[in-house]
Amino acid sequence: MNWGGWSNFWAMGGYAGFVWGSYGVTLIALALEVYVLRRRRTRALAAVRRAGQQMARDPDEGTA
Amino acid sequence: MLSTFLAVVRRDLMLAFRQRMDVMNTLVFFVVVVTIVPLGVGADPNLLRAIAPGVVWVAALLAAVLSLQRLFASDYQDGTLEQMLLAGEPLAVIVLGKVVAHWLVTGIPVTVISILLALMFDIDADAAMTLCLSLAAGTPVLSFLGAVGASLTLSLRGAGVLISLLVLPLYIPVLILGAGAAEAVASGLDGTPYLLLLAALSLLAMVLTPWAIAAALRISVE
Amino acid sequence: MAVDVTGINWYKYSAPRTFYPLAGRLIPWFAGLALVFCLIGLYIGFFLAPTEARQGEAYRIIFIHVPAAWMSMFIYVVMAIWAALGLAFNTRLSSMMASALAPTGAIMTFIALWTGALWGRPTWGTYWVWDARLTSELILLFLYFGFLALEAAIEDSRRADRACAVLALVGVVNVPIIYFSVKWWNTLHQGATVSLESAPRMATTMFAGMGVLALGFWMYCIAAALHRVRSIILERERRADWVREAA
């Protein structure tokens, strides 16, 4: 497939809005999911640390 | 087992009779929803004739969803449900009785009153008859699938909206077949295959869902 | 019984404690493979595959549309299987896998719908047709929403796992019934006469691009689900000793 220049490539034969609209939103959706995944992990780790500190303060409560 | 089933049906029917306003409210809601539609889309008789079966069926779906919340809620609150779980009788049979009773007090009245609504939309007698039969054959599915949603959301906050979210997508096949039956007859085709498929779905739901409902009740109450 | 012919002790890996580090080691591999496959697939799709005769360049949307649609349906079935295993054998990890898959499945469904609409506009002249596949895909999105909403509404995670398992099983039995009824409804109401049979006759390179991207999506979904399941393990077992050591 020879596009004959980048401007032709970006124009997508007149369908630029549809093609790049699809690929762009897909990329945004996946990037958003990755962001949410990382944030969830950060929060889960913070919760683990908080639970650890709490158990260090009153050891009787833990492991129940 | 049959005596358990009949006892549960009789008990739930008596309870429904004592609280007949609940049953009436569902029915009035059904009629109001159907009546609102011409005010929204205009009173063109041809248009109304064309959309009548779909409108009646959508209203029946909404009325069913609305009535589901009280299916297990009062039994849960007064502790009867726990007794049912502990009873020696198979839970699926008790559940079957409760759902059949629910259908008798919501599905049947909706089916009967749909004849009047069909007149309001001026559809011909054959199509009206088919619409009525399709409701009779299809509303059991609404009660059975709906009971799955009701048992899963038992005692949850905002259960009402949640039930509709869970259950309405599952109702779609019944809606398609139900509305399709009367539309087929109105356009001069045979409605029987639709009615048979609806009846088949009802039987399938009757065989499969009581187990799911019983499992869901155990999960929700434990 | 505990050790099968493969020599792997599956019971060992069904415990969150042993699965957590294993998943952590697997994620970079799946994420890397996802990136590699997607880049190769995009290269094939944009620079090797020729212009389609009837649809022009607009057809290039299907390189992501079809893989996303496949994954959306596949994930729902896999999710239901994990949920069923969790319900039947009371294995916590299976239920966690089911709830880790649901958001990714919903995202794949959304991508399939969005790209389908943008593909439909130049191809069919309208963003949305009440075509059997599009409509079923939308209903699938509602089923995912129902699963996620039920999970969010139940505070006790054990109850949420089991309730969602029942819902997923009822849903997975219903999906074929929904699909065939919608298909039937679609053929009766001749509203949308266009059909997906008018999809392009695929050249080999087109098919290759789509296949490689499908592999990339698959790897991405596995990586995302494993990442999420690790977070779920941390959230639920935050009081366990091994979690505090691992974290």
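FYI, side chains are in, hydrogens and waters are out, and symmetry mates aren't considered; it's all heavy atoms of this structure. Chain identifiers are assigned alphabetically (A, B, ...) following the order of the sequence lines, protein sequences preceding nucleic acid strands; residue numbering begins at 1 within each chain.
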Interatomic distance, CD1@C:Ile154 vs CG@B:Leu162, rounded to 0.5 Å, equals 8.0 Å

Chain C shares the most heavy-atom pairs under 4.5 Å, among B:Leu165, B:Leu166, B:Leu152, with B:Leu152

Between C:Gly171 and B:Leu170 the two heavy atoms that sit nearest each other are CA-CD2, 4.3 Å

Smallest heavy-atom separation, C:Val170 atom then B:Ala212 atom, equals CG2-CB, 4.1 Å

Under a 4.5 Å heavy-atom criterion, the part of residues 123-139 of chain B in contact with chain C comprises none

When the 4.5 angstrom heavy-atom criterion is applied to C:Leu87 and chain B, the contacting part is side chain

When the 4.5 angstrom heavy-atom criterion is applied to B:Leu197 and chain C, the contacting part is side chain

Before you tell me yes or no, could you show the steps for C:Ile177 and B:Leu201 under side chain to side chain contact (heavy atoms under 4.5 Å, CB included), namely the whole-Å CA-CA distance, both residues' side-chain angles and the distance that decides it to 0.1 Å? CA-CA 9 Å; C:Ile177 301 179; B:Leu201 284 184; 4.1 Å; yes

Whatever's closer than 4.5 Å to a heavy atom in chain B on C:Val175 counts as neither

Turns out that what part of B:Ile219 lies under 4.5 Å from chain C's heavy atoms comes down to both

Of the listed C:Leu169, C:Leu167, C:Leu143, the one with the largest count of heavy-atom pairs under 4.5 Å with chain B is C:Leu167

Against chain B, residues from residues 156-165 of chain C with at least one heavy atom under 4.5 Å, in numeric order, are C:Arg159, C:Arg162, C:Ala163

Separation between CG (C:Leu150) and CG (B:Leu156), nearest 0.5 Å, reads 7.0 Å

If one checks every heavy atom of B:Ser220 against chain C at 4.5 Å, the contacting part turns out to be both

